[in-house]
Amino acid sequence: MTIKLYNTMSRKIEEFKPLIPNQVSFYSCGPTVYWNQHLGNMRTFISNDIIKRMFIENGFKVNHVMNYTDVGHLTSDADEGEDKMEKGAARENKSVWEVAQTYIDSVESDMKDLNLIKPITPRATDYIDEQIDLVKKLEDLGYTYIIPGKGVYYDTSKFADYGLLGGQNLSELRSGIRIDNDGKKNPTDFMLWAFSPKDKKREMEWDSPWGVGFPGWHIECSAMSMKLLGNHFDIHTGGQEHIKVHHSDEIAQSEPIVGKPWVNYWVHFAWLMAKDGKMSKSAGDSLTVPYIKNKGYDPMEFRYLMLLGHYRQPVDFSWVSLDAAANGYKNIVRKVADLIDSQNQNPEKENSKIYEEWNKKILDIVSDNIKTAESLVQVQELLKADDINSATKLKLFEFIDRLLGLQFINRAQKLLDLESVEAPENIKKMALERVAAKAEKDWVRADELRDKIDAAGWNVIDTKDGIKIIKKMA
RNA sequence: GGCCCGGUGGCAGAGUGGUUAUGCAGAGGACUGCAAAUCCUUGUAUGCCGGUUCGAUUCCGACCCGGGCCUCCA
């Protein structure tokens, strides 16, 4: 099967060729754990997860690493800025270490809710020695300089390919830059190691050949990815905003050490936009997984909404679109439940030829640059196909669940379980009274009883085989 | 200022040089005492103007509009 991905470096959709056959090494820039992660972050995690599942279904062994940035960084190289981790600690009256743990727990809970296959998740603070080692190597190679009182900086003019990923060379970047940073040799130079301020003790700081301080932001991803995936690896992903700075800087600090190319495929995800602008402006406020759960949405409904769009296309988040996705998702679950039901009533044998055909068709679509929306069209077509029996459809849904992670069968089974809950005696009694009323064509009495049953939390439904009493969804 | 990406039916969002997905919502019908569920049917959509072409929504150019990045951000 041919796998294709859009490579930001070449700006083309390329056929994927692994460094090692049937294996893929895959690094994703993860969250800074100083606050709740919003739905925009979740979109990125879901995109990573789909790529991973696509590889797994294609028979690859996947080594997926996603870091947690638990080191504070200055918000800007230009001035003193604020340290996000320390800001979080002050806000919550906790140590920075406690803050990190709190939000690691929180994001892991979200990832579980969204049915993400857990990646390997290193923490930046566990790789300080590796980061210092990289800075030392860059210093030995002559790529660094020190600004007294501030830190060790990377001299981007020493790296001929600087900015290649973003499609601009250094002089273009210079002309386009809006701010100038005093002390730096080039506006694009960035900090590799920051010196701790003289006047105050930081909670997170370490000794280094250059003095007590803490690592710059970009170096951690180079250090952890090299350590865990090797000096060369297949795929590096992240949000699209990382192209120009973070990933360009990662390349600049890594390729002098490991050679070129360091990473074969760069994949970037477009943003989920809140209606009033970027999600991150309201980071931690309301648009989180726990928040939508409280509003009664199944996290799978959000995942389904994300899969309706393409990862390289920005998507607007709104309650209207989430509602539409929720309805669409529930409708599929209902139909899958009917398939399970029908298979329980009249077991059929699956048709392996049809299974293989549809399996290939859907996997091909997703393998072609992750066209999840188109794969969901096939899901609808599969449900409508009346020449495929329930057993075959269900087996295909098992595959679809592995590939898209939407837990259709799980939710369908839950629905059936809910529907099989026995009604209590008083409800049953009312339902039988209603049957009697109906027999006498006493429609007023019948509807009254149905309302009473409804108020008690049950639905009574007339079918051609008699009545069904079903517990209402919570 | 530099770079990049879009503008598709009521909404969300695909694909495609020539019968324009899919979903949600809406309408009509079947079924039902009425509901619910389900099924069937249904919609004069591709920003504007040129060009290439037998033919463009799809390719090319200009324009208008919107968005993103360039500063921490998934």
Side-chain angles (χ1 to χ4, degrees), chain A residues 8 11 28-32 34-35 37-48 66 69 72-79 81-84 87 107 163 166-168 171-179 181 187-188 217 237-246 248 268-273 277-281 283 304-305 307-318 320-332 334-335 338 365 371-381 384 386 437-438 441-444 446-447 450-451 454 459-464 468 470:
Chain A
T8 305
R11 301 187 180 240
S28 302
C29 285
T32 302
Y34 69 109
W35 211 342
Q37 302 298 307
H38 52 68
L39 295 179
N41 297 281
M42 299 306 142
R43 181 186 189 194
T44 295
F45 301 157
I46 290 168
S47 300
N48 282 324
M66 183 180 83
T69 297
H73 300 293
L74 302 183
T75 50
S76 159
D77 283 344
D79 49 41
E82 277 177 310
D83 179 314
K84 285 197 280 191
K87 198 176 158 193
V107 73
Q168 282 175 288
S171 65
E172 284 169 332
L173 281 164
R174 273 199 180 114
S175 70
I177 213 106
R178 283 189 315 202
I179 54 162
N181 298 326
T188 46
W217 175 41
T237 70
Q240 59 172 24
E241 79 287 355
H242 287 325
I243 296 169
K244 280 275 170 56
V245 177
H246 182 50
S248 292
H268 292 96
F269 306 121
W271 278 9
L272 179 66
M273 311 297 296
K278 288 191 294 187
M279 281 271 167
S280 60
K281 280 180 181 158
Y304 181 79
L305 174 63
L307 264 38
L308 247 20
H310 190 261
Y311 74 87
R312 295 197 61 236
Q313 216 54 54
V315 166
D316 287 322
F317 178 84
S318 70
V320 172
S321 57
L322 185 58
D323 281 338
N327 284 340
Y329 181 78
K330 285 194 179 94
N331 288 344
I332 296 173
R334 174 74 260 167
K335 287 170 188 169
D338 290 345
I365 288 168
K371 292 182 178 169
T372 50
E374 211 179 320
S375 72
L376 289 170
V377 171
Q378 295 304 321
V379 170
Q380 298 289 349
E381 298 300 332
K384 280 190 280 194
D386 45 22
K438 276 181 60 174
K441 296 201 190 299
D442 184 353
W443 310 127
V444 175
D447 290 347
R450 184 164 58 196
D451 289 345
D454 183 85
N459 286 329
V460 60
I461 294 164
D462 299 321
T463 73
K464 53 179 178 292
K468 271 170 85 175
I470 295 173

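These numbers come from the heavy atoms of this one structure, side chains and all, not from hydrogens, waters or symmetry mates. Letters A, B, ... mirror the listed sequences (proteins, then strands); counts begin at 1.
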Which is true for [X] with a 4.0 Å heavy-atom rule: it touches a base, it touches only sugar-phosphate, or it touches nothing?
| X | answer |
| --- | --- |
| His268(A) | nothing |
| Asp323(A) | nothing |
| Gln378(A) | nothing |
| Lys384(A) | sugar-phosphate |
| His242(A) | sugar-phosphate |

Taking only the [atom1] atom of each, what is the distance from [N] to [M] in whole angstrom?
| N | M | atom1 | value |
| --- | --- | --- | --- |
| rA45(B) | rG10(B) | P | 9 Å |
| rA30(B) | rU22(B) | P | 25 Å |
| rC11(B) | rU46(B) | P | 13 Å |
| rA21(B) | rU57(B) | C1' | 14 Å |
| rG61(B) | rA56(B) | C1' | 15 Å |
| rG13(B) | rA27(B) | P | 24 Å |
| rU8(B) | rC3(B) | C1' | 26 Å |
| rG68(B) | rC54(B) | C1' | 41 Å |

Exercise. Looking at side-chain heavy atoms only, is the closest gap between Ile365(A) and Gln378(A) below 4.5 Å?
Worked result: yes

Exercise. Which comes earlier along RNA chain B counting from the 5' end, the contact point of Gly238(A) or that of Glu381(A), where each point is its nearest nucleotide?
Worked result: Glu381(A)

Exercise. Hey, which of these two, His310(A) or Val245(A), hits RNA chain B nearer its 5' end, going by closest nucleotide?
Worked result: His310(A)

Exercise. Can Asp338(A) and Arg334(A) be counted as an ion pair, charged N to O under 4.0 angstrom?
Worked result: yes

For this session: Flag the pair Asp462(A) and Lys468(A) as a salt bridge only when some basic side-chain nitrogen lies within less than 4.0 angstrom of an acidic carboxylate oxygen.
Result: no

Give the minimum heavy-atom separation between [X] and [Y], together with the two atoms involved.
| X | Y | result |
| --- | --- | --- |
| Leu308(A) | Leu376(A) | CD1-CD1, 3.5 Å |
| Ala446(A) | Lys438(A) | CB-CG, 3.9 Å |
| Ser47(A) | Tyr311(A) | OG-CB, 3.9 Å |
| Thr32(A) | Gln37(A) | O-NE2, 3.2 Å |

Write down the partner of [N] under the Watson-Crick or G-U wobble criteria, each distance required to be under 3.5 Å.
| N | result |
| --- | --- |
| rA35(B) | none |
| rG1(B) | rC70(B) |
| rG6(B) | rC65(B) |

Measure from [atom1] on [X] to [atom2] on [N] and round the result to the nearest Å.
| X | N | atom1 | atom2 | value |
| --- | --- | --- | --- | --- |
| Leu39(A) | rA74(B) | CG | C1' | 12 Å |
| Ile243(A) | rA74(B) | CD1 | P | 14 Å |
| Gln240(A) | rC72(B) | CD | C1' | 16 Å |
| Phe317(A) | rG68(B) | CZ | P | 18 Å |
| Asn459(A) | rC34(B) | CG | C1' | 15 Å |
| Leu307(A) | rG23(B) | CG | P | 16 Å |
| Asp316(A) | rG6(B) | CG | C1' | 11 Å |
| Leu308(A) | rA14(B) | CG | P | 8 Å |

Problem set entry | rG23(B) OP1/OP2 closer than 4.0 Å to side-chain N/O of Asn327(A) | no

Exercise. Does Lys371(A) put a side-chain nitrogen or oxygen below 4.0 Å from OP1 or OP2 of rG13(B)?
Worked result: no

Exercise. Hey, is Trp271(A) doing a stacking thing with rG68(B), by the 5.5 Å centroid and 30° angle criteria?
Worked result: no

Exercise. Would you say Arg43(A)'s side chain and Phe269(A)'s backbone share a donor-acceptor pair under 3.5 angstrom?
Worked result: no

Exercise. Hey, does the side chain of Ser248(A) reach the backbone of Ile243(A) with a donor-acceptor pair shorter than 3.5 angstrom?
Worked result: yes

Which nucleotide wins on minimum distance to the side chain of [X], given the candidates [options]?
| X | options | answer |
| --- | --- | --- |
| Ile461(A) | rC4(B), rA35(B), rG68(B) | rA35(B) |
| Val377(A) | rA74(B), rG13(B), rU22(B) | rU22(B) |
| Gln313(A) | rA12(B), rC24(B), rC5(B) | rC5(B) |
| Val315(A) | rU22(B), rG13(B), rA12(B) | rG13(B) |
| Lys244(A) | rC24(B), rC69(B), rA12(B) | rC69(B) |
| Glu374(A) | rA74(B), rG13(B), rG15(B) | rG15(B) |

Short N/O separations, protein against nucleotides 30-33 of chain B, under 3.5 angstrom:
from: rG33(B); atom 1: O6; to: Arg434(A); atom 2: NH2; distance (Å): 3.2
from: rG33(B); atom 1: N1; to: Asp447(A); atom 2: OD1; distance (Å): 3.0
from: rG33(B); atom 1: N2; to: Asp447(A); atom 2: OD2; distance (Å): 2.8

For this session: State which residues pass side-chain contact (heavy atoms from CB on, under 4.5 Å) with Val245(A); sequence neighbours excluded, sorted by chain then number.
Result: His218(A), Asp249(A)

